[in-house]
Amino acid sequence: MTKRKQHWENVYETKGDQEVSWYQEIPVTSLNLIDSLNLKKDDTIIDIGGGNSNLVVQLSKKGFKNLSVLDISAKSLERTKLKLKQTAENINWIVTDILEFQTSFEFSLWHDRATFHFLTEKEDIEKYVKLVEKAIKTDGFLIIATFSNTGPFKCSGLEITQYSKETLLGLFHDKFELIDAFDDVHKTPFETEQNFIYTVFKRK
Ligand SMILES: C[S@@+](CC[C@H](N)C(=O)[O-])C[C@H]1O[C@@H](n2cnc3c(N)ncnc32)[C@H](O)[C@@H]1O
C-alpha cells in the first residue's frame, strides 16, 4: 500500500463524518452548480475523491442514473455505500489513486472538490490535466474546487497546492473554456472557515 493510500484509509477508519474538516451535510455549492448545467438524468457524472461526500447521495436522489465515484480509499466508499443502501448497486465505485486512473470512457461532468489540490508535484498536476482533457467529452463540464490563495496550506495534515481563477485557467485553458469562477467559504464541522475557489469549465 502506498503512503498516500495508507493515510486516507487510516483517516476513514478512525474519523467520523463530523471529525473531518471537509465534510458537508449537503454539498450545496456543488449541487447548485450542477443544477445550472442542465444535464440530462442519464448523463455520465464522476466525483473524483468523492470519499465520504454526500454529493452522490444527493445526485442519486435527484434521479441521475450514470454516477461514478472514485477514491483512493476503499473504506470511504464503503461508508458512502452504506448511506445509499440498495441504490449503491447502481453506482460505479472506483478505488484507485487518481494518478493511476485509466479510462476510455468520456464523462459529461467531472467533479472534484478538494482532491486535485493534494497534487503538489508538477508532473502529477500535468498528468491530472492530461487525464481530464481525455476523459471529458466535447461540451462536457469540469467542476474543480480547491483551497484558494487565502485558504489553508494543508488539509488532513498533508501539503496542498492553493489555486486562483488565473492559475486554474492557466492549467486548463488549452482544451477548456472557463464559464464560471467564484470564491466560496466552507464552514467546517468545527465551526472554522476555509476559503475555496470554484471553477467551472466546458470542454472545447
Ligand atoms: C479533502 S477530502 C474531500 C472529499 C470530498 N470530495 C468532499 O468534498 O467532501 C479528499 C478526498 O480525496 C481522496 N484522495 C486524496 N488523494 C487522492 C488520490 N491521489 N486519488 C484519489 N483520491 C484521493 C481522499 O481519500 C479523500 O476522500
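We use all heavy atoms of the structure for the numbers below, so side chains are in, but hydrogens, waters and symmetry mates are not. Throughout, residue positions are numbered sequentially from 1 according to the sequence presented. Order of listing sets the numbers, starting from 1, for every ligand and every atom in it.
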Can you list the atoms of ligand 1 that are under 4.0 Å from a heavy atom of [X]?
X: G51; result: 27 (O)
X: F118; result: 1 (C), 10 (C)
X: D97; result: 18 (C), 19 (N), 20 (N)

[atom1]/[X]: more than 12 non-hydrogen atoms of other groups inside 6.0 Å:
X: F190; atom1: CZ; result: yes
X: K41; atom1: NZ; result: yes
X: K5; atom1: NZ; result: yes

Is there at least one pair of N or O atoms, one from [X] and one from ligand 1, spaced under 3.5 Å apart?
X: I48; answer: no
X: S76; answer: no
X: S53; answer: no

At a 4.0 Å cut-off, with the gap strictly under it, does some heavy atom of [X] reach an atom of ligand 1?
X: L99; result: no
X: Y23; result: no
X: G50; result: yes
X: D47; result: no

Show the numbers, then the answer: is there a salt bridge (Lys or Arg N to Asp or Glu O under 4.0 Å) between D17 and K83? CA-CA 12 Å; D17 285 349; K83 291 181 189 167; 3.1 Å; yes

Which residue and non-hydrogen atom of the protein lie closest to [atom], and at what distance in Å?
atom: atom 20 (N) of ligand 1; value: I98 N, 2.8 Å
atom: atom 13 (C) of ligand 1; value: D71 OD2, 3.4 Å
atom: atom 12 (O) of ligand 1; value: T115 OG1, 3.2 Å
atom: atom 7 (C) of ligand 1; value: R113 NH1, 3.3 Å
atom: atom 26 (C) of ligand 1; value: Y12 OH, 3.3 Å
atom: atom 5 (C) of ligand 1; value: G49 O, 3.2 Å
atom: atom 22 (N) of ligand 1; value: I72 N, 3.2 Å

Please work out whether the ring planes of F196 and H186 are parallel, tilted or perpendicular, with thresholds of 30° and 60°. perpendicular

Which word best sums up how the rings of F116 and Y128 line up, parallel for under 30°, tilted for 30 to 60°, or perpendicular for over 60°? tilted

Pick whichever of A114, P27, S73 has a heavy atom sitting closest to atom 10 (C) of ligand 1. A114

Between the candidates W8, F116, W22, which shows the shortest non-hydrogen contact distance to atom 24 (C) of ligand 1? W8

Shortest non-hydrogen pair, I94 vs L77, comes out as O-CD1, 3.7 Å

What pair of heavy atoms forms the shortest contact from F147 to H117, and how long is it? N-ND1, 3.0 Å

Exactly one candidate in I72, L131, V132 meets side-chain contact (heavy atoms from CB on, under 4.5 Å) with I98; the answer is L131

Tell me whether K75 is salt-bridged to E78, with the criterion being a basic N under 4.0 Å from an acidic carboxylate O. no

Would you tell me whether Y23 and N54 have side-chain atoms, one donor and one acceptor, within less than 3.5 Å of each other? yes

